[in-house]
Colleague: 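Quick one: the structure is below, and I'll ask about it shortly.
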Amino acid sequence: MKWLSVLALAGSSQAALRFGCSTLTIQRLDPVVEPGNTPSSHLHQIVGGNAFQANMTGDVGEQGTCTTCTFSEDFSNYWTAVMFFKHSNGSYKRVPIMQNTALPNGINGGMTVYYTQKDFNSNGNNKITAFKPGFRMIVGNPTTSTLDNAKKNIGLRFVCLAEKATRFPELPDFPTKACKGGIMTVHHFPSCWDGKNLDSPDHQSHMYATTKEAFQDAGPCPASHPVRVAQVAYETLWDTTQFDKMWPADGSNPFVLSYGDNKGYGTHADYLFGWKGDSLQRAMDSSCMFNACENGRPLKSQAVAAMNKCTVKKMVNEDIDGWLPALPGHHM
Ligand SMILES: *[C@@H]1O[C@H](CO)[C@@H](O)[C@H](O)[C@H]1NC(C)=O
Ligand SMILES: *[C@@H]1O[C@H](CO)[C@@H](O)[C@H](O)[C@H]1NC(C)=O
């Protein structure tokens, strides 16, 4: 029996990654859902490697020369829709993005990315298989239009922040009052892979979600999707506070996601794998947790200044920062 348990342990690890990535760019581009479209239908904040462009194929980990993420071998791209404030006079203003708590100071906007065994705060002892070059996936769907369906998207949530560390309650839609510390959006990806397809026509069916409500362990992977990959999750913090005094008199939520959703039911996120070589597998086979994975133990890392310096050129020429008559890509 002793021999058996040693064997079981040999395939498992306890790694959990949590790291910041500053904003790479905010543009209407989407190489997963709308490859080649310049512009794509709605605006995204993209973080990660500078190989990002409208069309992306091949081994992205070999294409980037810099990344906005802490781990300097992670040229993956991570993106979500962007939040706007809609004034009662009809104009829109993009909501600034602020850095999360528990990250080094000075990160420019961006998001927090997790690769964990279970969920956020605990590591486990699973064998986690790294994604393969070319892998991509999305979670959520901008066309989700009912609260019931939004509730079924476990792991796609909003948090009304009292302060940056607020984590509960998690809401399936936008908060209905001004939030003192801003709004956090949370996106959990599915973590069971079919073991074969790097993508699928809907960018989802090669994956299966066993996510439960936040901070709970996921269920087992089904036979159709037997390979446990890392639980990838994003947290994005939106600094809504400058709009508190402009909250509409009728009390309705003034925030809207960049594809025109003021309920938040269609919240979604995209992932395009781009870790260099075997770096992600080495990390997931180790037992490091969060900041302890930095400085070559086992992952190479970089300082905030280097993260903030990495960028890509503007490929879609339009104003995204003024008071706008319509959301970018939407007509009045
Ligand atoms: C990008 O991808 C689209 C769709 O696959 C294709 O039609 C287009 O020619 C590609 N553009 C470039 C610059 O590779
Ligand atoms: C709406 O209000 C904002 C903030 O006061 C202002 O900057 C913007 O120009 C206004 N838009 C219109 C169409 O009046």
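First listed ligand is number 1; within each ligand, the first listed atom is number 1.
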Colleague: Suppose we call two aromatic rings close when their centres sit under 6.0 Å apart. Are His206 and Trp193 close by that rule?
Modeller: no
Colleague: Starting from atom 4 (C) of ligand 2, find the nearest protein heavy-atom neighbour and note its residue, name and distance.
Modeller: Trp323 CZ2, 3.6 Å
Colleague: When the ring centroid of Phe189 is compared with that of Tyr234, is the distance short of 6.0 Å?
Modeller: yes
Colleague: Under 6.0 Å between ring centres, would you say that holds for Phe85 and Tyr92?
Modeller: no
Colleague: Salt bridge check: are Lys180 and Asp244 linked by an N-O gap of less than 4.0 Å?
Modeller: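 Looking at Asp244 together with Lys180, the answer is no, because their closest N to O distance does not fall below 4.0 Å.
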Colleague: Can you pull out the closest protein heavy atom to atom 13 (C) of ligand 2? Residue, atom name and distance to 0.1 Å, please.
Modeller: Ser91 OG, 3.4 Å
Colleague: Could you check atom 1 (C) of ligand 2 against the protein and tell me its nearest heavy-atom contact, residue, atom and distance included?
Modeller: Asn89 ND2, 1.4 Å
Colleague: To check your reading of the model: name the closest protein heavy atom to atom 5 (O) of ligand 2, its residue, and the distance in Å.
Modeller: His87 NE2, 4.2 Å
